[in-house]
There are 2 protein chains.
Amino acid sequence: MKISNLSAQSGLSIDTLRFYEKIGLIDPPPRDGAGHRDYPPEAPNWIRFLSQLNATGMKQADRIRYARLRAAGVTTVPQRRQMLEEHREVIRAQLEQLTDVLALMDRKVEIYQKLEEEMTDV
Amino acid sequence: MKISNLSAQSGLSIDTLRFYEKIGLIDPPPRDGAGHRDYPPEAPNWIRFLSQLNATGMKQADRIRYARLRAAGVTTVPQRRQMLEEHREVIRAQLEQLTDVLALMDRKVEIYQKLEEEMTDV
DNA sequence: GCTTGAGCTGGAGTGCACTCCAGCATCTAT
DNA sequence: ATAGATGCTGGAGTGCACTCCAGCTCAAGC
């Protein structure tokens, strides 16, 4: 799989993919005859997971730490599990806050609607 | 209310409060005899709301836009309502993604637990 | 055999959202 | 009346996460 292809599939730019490789988030893929990156078929999966960690607020440094543990093999499973459990708690807290703010938005929108009705003398 | 007090109550640093004033997120408060900021009692409420918009991913530029509309008075209620409704949708989407990723975390943690059990020959 | 397009590298630049600093003024307690 | 805490300003600096660029190589099609 070529980098342009992976970029299209993952939604990350080509520059970002190379950047992720440089900082250790993605394993350096083998190269083809021309020295171009040739990603393995499972690359999109890993990138999708990285994006999910990203979207749920995990910091680059922690994602790098997780990627390194993953690359180190099966002996790091306990550490990886702990990282995921901690992150799970972060997500839970975010969920709670989002739910609260969503309810607040609903109240505010309602108040604004009433105000608009009064302003137009309904 | 003095800036140190507001900082303690809001969780924002003193520098951030002054920065928010500079970019138009907070109205410039009146000054006391010494030229020090003297915030009105409703300041913490507004800041709390700003923080909630922030925590749910609203960009600085949009928060500034909202703050300006708010400062312009009651005639901007329709625009404000629209901003909040749009943001409400963003939050809803985030909620959905967080829920999905939380479920994924649960699955992954479970898999890792099983792996650990196998590794220790339970 | 030459143009076009994709990819390569190392390094510089960007945008966001703060955060810190020097140098000064004012108030408060001793 | 002096030391320490608190606050002020304008401007520089920081950290994160990319994003862009110049100048190059290589493969394929006309």
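Lettering of chains follows the sequences in order, A, B, ..., and the numbering in each one begins at 1. Being a predicted model, the structure only gives us computed values, none of them experimental. Hydrogens, waters and symmetry mates are skipped; everything else that's a heavy atom, side chains included, is used.
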For [N], take OP1 and OP2 only and decide whether either is under 4.0 Å from a side-chain N or O of [X].
{"X": "B:Ser13", "N": "C:dC18", "result": "no"}
{"X": "A:Thr16", "N": "D:dA17", "result": "no"}
{"X": "A:Tyr20", "N": "D:dC18", "result": "yes"}
{"X": "A:Arg18", "N": "C:dT9", "result": "no"}
{"X": "A:Gln60", "N": "D:dG15", "result": "no"}

- Quickly work out the B:Lys2 NZ to C:dC27 C1' distance and round it to whole Å.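 Distance, rounded to whole Å: 9 Å.
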
- Query: Atom CG of B:Asp32 to atom C1' of C:dC27: distance rounded to whole Å?
  - Reply: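 Roughly 10 Å, once rounded to whole Å.
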
- Task: Check every atom of D:dG7, C:dT9, C:dG7 against the side chain of A:Arg37 and return the nucleotide holding the closest atom.
- Result: C:dT9

- Of the candidate nucleotides C:dT19, D:dC8, D:dT19, which contains the atom at the shortest distance from the side chain of B:His36?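 From the listed options, D:dC8 comes nearest.
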
- Task: Answer yes or no: is there a donor N or O on one side and an acceptor on the other, between the side chain of B:Ser51 and the main chain of B:Ile47, under 3.5 Å?
- Result: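 It does hold such a pair.
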
- Item | Test item: A:Thr99 side-chain N/O and A:Leu95 main-chain N/O as donor-acceptor pair under 3.5 Å | yes

- Item | A:Lys22 or B:Asn54, whichever maps to the more 5' nucleotide of DNA chain C |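 Its nucleotide being nearer the 5' end, the pick is A:Lys22.
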
- Message: For the residue pair A:Glu117 / A:Gln113, report whether a side-chain donor-acceptor contact shorter than 3.5 Å exists.
- Response: no

